[in-house]
Amino acid sequence: MAMSVRSPFVVVMGHVDVGKTLLLDKIRGTSVAYREPGMITQHIGMSLVPWPAVERFAGPLVDRLKLRGRIWVPGFLFIDTPGHAAFSNLRKRGGSVADLAVLVVDITSGLEDQGAESLKLIQSRGVPFVIAANKLDRIYGWRSVENRPFLFAVEEQEWHAVATLEERIGKLIDELSRFGIEADRYDRVRDFSRQVPIVPTSAVTGEGIADLLVVLAGVSQRFIPRERLQVADGPARGVVMEVKEEKGLGVVADAIIYDGRIRKGDVVVTAGLDGPREARVRMLVMPKPLEEMRDPEDRYMAVEEVRAAAGVRIVADGLEGVVAGAPIYAVWDPQAIPHVQKQIKEE
Ligand code: GTP
Ligand code: MG
């Protein structure tokens, strides 16, 4: 069976109001600013950031770190989490759908309660992660230039702004050490297998976002086993993130597809609280590319097929009672349905 490498799923976690959503908005907005229409696509509950788009706007940093031509991950699929429920829904047999995590902290306030909770969750799942120390623009005396890589920005600051930044980073490093984590500013990390990189960012000015994406690429390639990112061309495997009633569509399931592909008309096997469920896919729905969006009501389009890695809305009769976190598998051979149902029961 033909295999290809998919984009890693990157789950974004942290305390409330640290800037998780704005950071993702900024990553998407940056691609628009760099005139890459359609390069960064919105999925259901996720954003796909292809590596070529990153190289375009992070070019000077990619060159400085001598990474050009060395990145083989096709991009990243970012999953924003409003709370912890979403992370529990990312479970699959033998681990998590999340390949990587970004723990976002507010650099002016440190780890905070839910930041610490997120950290414990990440540790318990054994997911490789990086820390975005966000709100860099709020460091007293910091001079911002839109979208500038942190590595270049820090060289252009007055000493007192750098001193304040270092003091904040030092405090964060201390806090992290109480969780048994050794961390350092990413450009000072000597051994990525021991130390967690801290990337200062600003979701308002876009500073450090290039660095964050570049560090994620490096960490992906070093620490996600390559087999994990290999996808087959067979029937889709995914996880249900959310089940809801949609006007005009009925009950729909928003799912993450981490392997294979799903087609309109496929049978899917998934699970409710009381056991397996079977449904035939009536429609697959994705957000429209920005440039084709006329008005907010006209945000979605139907597609024939979706390949991993992706987020998709599945419209099918029989999804009532399906629970978030349930596995969802496409089945192409009707005779395989009992076998897949058994697999799902065991998850
Ligand atoms: P929840 O989803 O509620 O957990 O919050 P969040 O982490 O997604 O935070 P969000 O992106 O909604 O940002 C929260 C607030 O912080 C907003 O008012 C943002 O404008 C502000 N904010 C986010 N990032 C930055 C930043 O880098 N600098 C500054 N100055 N403000 C920021
Ligand atoms: Mg948010």
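Everything quoted here is computed from the prediction, not taken from an experiment. Numbering of ligands and ligand atoms starts at 1, following listing order.
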query: Do you reckon Phe179 sits in the same ILVMFWY cluster as Val130, going by side-chain contacts under 4.5 Å, direct or chained?
result: yes
message: I'd like to know if Arg64 pairs up with Asp187 as an ion pair, taking the criterion as any Lys NZ or Arg NE/NH1/NH2 lying under 4.0 Å from an Asp or Glu carboxylate oxygen.
response: no
task: Identify whether the distance between the nearest side-chain nitrogen and carboxylate oxygen of Asp317 and Arg280 falls below 4.0 Å.
output: no
- request: Could you tell me whether Arg138 approaches ligand 1 through its side chain, its backbone, both or neither, with non-hydrogen atoms closer than 4.0 Å?
  value: side chain
field: Atoms in ligand 1 with a heavy atom of Asn134 nearer than 4.0 Å
entry: 24 (N), 25 (C), 26 (C), 27 (O)
query: For atom 21 (C) of ligand 1, which protein heavy atom lies nearest, and how many Å away is it?
result: Lys135 NZ, 4.0 Å
- prompt: With atoms numbered from 1 as shown, which atoms in ligand 1 lie under 4.0 angstrom from a non-hydrogen atom of Ala203?
  reply: 24 (N), 26 (C), 27 (O)
- line: Closest to atom 8 (O) of ligand 1 by heavy-atom distance, out of Thr21, Asp17, Asp106, is Thr21
query: Which of the atoms of ligand 1 are close to Ser202, meaning less than 4.0 Å from one of its heavy atoms?
result: 27 (O)
- line: Checking heavy atoms under 4.0 Å, the part of Val18 that sits near ligand 1 is both
statement: One finds that the ligand 1 atoms under 4.0 Å from a non-hydrogen atom of Val16 are 4 (O)
- prompt: Nearest to atom 6 (P) of ligand 1 by heavy atom, Glu207, Lys20, Lys26: which?
  reply: Lys20
- prompt: Do any non-hydrogen protein atoms sit less than 4.0 Å from atom 18 (O) of ligand 1?
  reply: no
message: Any salt bridge linking Arg143 with Glu158? Criterion: basic side-chain nitrogen under 4.0 Å from a carboxylate oxygen.
response: yes
- prompt: With the 4.5 Å side-chain cut-off for hydrophobic clustering, are Ile27 and Leu22 part of the same group?
  reply: no
message: Using the rule that Ile, Leu, Val, Met, Phe, Trp and Tyr join whenever any side-chain heavy atoms are under 4.5 Å apart, tell me whether Ile181 and Val105 fall into a single cluster.
response: yes
- prompt: Looking only at N/O atoms, are Leu22 and ligand 1 under 3.5 Å apart anywhere?
  reply: yes
- prompt: Which residue holds the protein heavy atom closest to atom 29 (C) of ligand 1, what is that atom called, and what is the gap in Å?
  reply: Val204 CG2, 3.4 Å
statement: atom 13 (O) of ligand 1: closest protein heavy atom, distance to 0.1 Å, is Gly19 CA, 3.7 Å
Candidate with minimal heavy-atom separation from atom 30 (N) of ligand 1, of Asp25, Thr108, Asp137: Asp137
- prompt: Should Arg261 and Glu304 count as an ion pair when the cut-off is N to O under 4.0 Å?
  reply: no
query: Below 4.0 angstrom, N of the basic side chain to O of the carboxylate: do Arg6 and Asp259 qualify?
result: no
task: For the residue pair Phe150 and Trp142, categorise the inter-ring angle as parallel (less than 30°), tilted (30 to 60°) or perpendicular (more than 60°).
output: parallel
query: Are any non-hydrogen protein atoms located under 4.0 Å from atom 23 (C) of ligand 1?
result: yes
- prompt: If you measure from the Lys or Arg side-chain nitrogens to the Asp or Glu carboxylate oxygens, is any gap between Arg68 and Asp63 under 4.0 Å?
  reply: yes
